[in-house]
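Each chain gets a letter, A, B and so on, in the order its sequence line appears, and its residues count up from 1. Every heavy atom of this structure was used, including side-chain atoms; hydrogens, water molecules and symmetry mates were not.
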Amino acid sequence: METGFFEKVYDIVRQIPYGRVTTYGIIAAHIGSPQAARMVGWALNKSAGEKEFIPAHRVVNRKGLLTGKHYFANENTMKEMLESEGIKIIDNQIQNFKDLLWHPDSY
DNA sequence: TTAGTGACTGTAG
DNA sequence: GCTACAGCCACTA
């Protein structure tokens with residue numbers, strides 16, 4: 001069964017460049033339902049068991065907060081991965097978030 | 001089949 | 001700036 005929604009979410013998330021981040025709303029907007037951002041997060045949750053690696057740690061809410069960190073193996077995993085890419089995080093919030101924000105305009 | 005839930009966002013007060 | 005409400009789609013029980 002091809003839901004379509006999942007594949008679109010995965011496809012966009014996989015396009016996020018190294019050291020960049022995006023938001024659930026932007027992804028949902030590209031799919032066609034900006035208000036279905038909740039589904040994006042939920043799809044990413046399922047992506048943890050996907051065969052191919054999905055950089056879900058690069059997806060945060062519109063405030064730049066790591067709301068999904070709790071869904072990783074360890075709460076620090078998401079922060080560690082982002083810091084590993086040169087992204088600074090303070091109090092679960094991405095610093096210079098607006099500058100690191102990536103827009104999937106090539107999709 | 002119906003009802004409940006969710007890693008969110010935009011609008012309104 | 002904050003709080004509150006509604007909407008969105010797919011999944012699970």
To the nearest 0.5 Å, how far apart are NZ in Lys69(A) and CZ in Phe72(A)?
12.0 Å

Whole angstroms only, please: what is the OH-P distance between Tyr24(A) and dG7(C)?
23 Å

Are Phe97(A) and Arg62(A) packed together at the side-chain level, in the sense that at least one heavy-atom pair is separated by less than 4.5 angstrom?
no

Nearest whole Å is fine: how far is dG6(B) P from Phe6(A) CZ?
15 Å

Report yes if the side chains of Ile12(A) and Val40(A) come closer than 4.5 Å at any heavy-atom pair, otherwise no.
no

Mind calculating the distance between CD1 (Ile27(A)) and P (dG6(B)) to the nearest angstrom?
20 Å

Which distance, rounded to the nearest 0.5 Å, do you find between the NZ of Lys79(A) and the CG of Asp91(A)?
10.0 Å

Spacing between Leu44(A) atom CG and dC11(C) atom P, to the nearest angstrom:
14 Å

Among dG7(C), dA10(C), dT12(C), which is the nearest nucleotide to the side chain of Phe5(A)?
dA10(C)

To the nearest 0.5 Å, what is the distance between CD1 (Ile54(A)) and CG (Asp11(A))?
9.0 Å

Starting at atom NZ of Lys63(A), determine the distance to atom C1' of dT3(C), rounded to an integer number of angstrom.
11 Å

What is the distance, to the nearest angstrom, from the NE2 atom on His30(A) to the P atom on dC8(C)?
20 Å

Measure distances between side-chain N and O atoms of Arg38(A) and base N and O atoms of dC8(C), and say whether any donor-acceptor pair falls under 3.5 Å.
yes

To the nearest 0.5 Å, what is the distance between OG1 on Thr22(A) and NE2 on His30(A)?
8.0 Å

Does OP1 or OP2 of dG7(C) have a side-chain N or O of Ser33(A) closer than 4.0 Å?
no

Starting at CD1 of Ile26(A) and ending at P of dC8(C), how long is that distance when rounded to a whole Å?
21 Å

Taken to the nearest 0.5 Å, the spacing of Asn92(A) CG from Thr67(A) OG1 works out to 9.5 Å

For DNA chain B, which residues of residues 53-61 of chain A approach it to below 4.0 angstrom with any heavy atom?
Ala56(A), Asn61(A)

Rounded to the nearest angstrom, tell me the gap between atom CE in Met39(A) and atom P in dG7(C).
18 Å

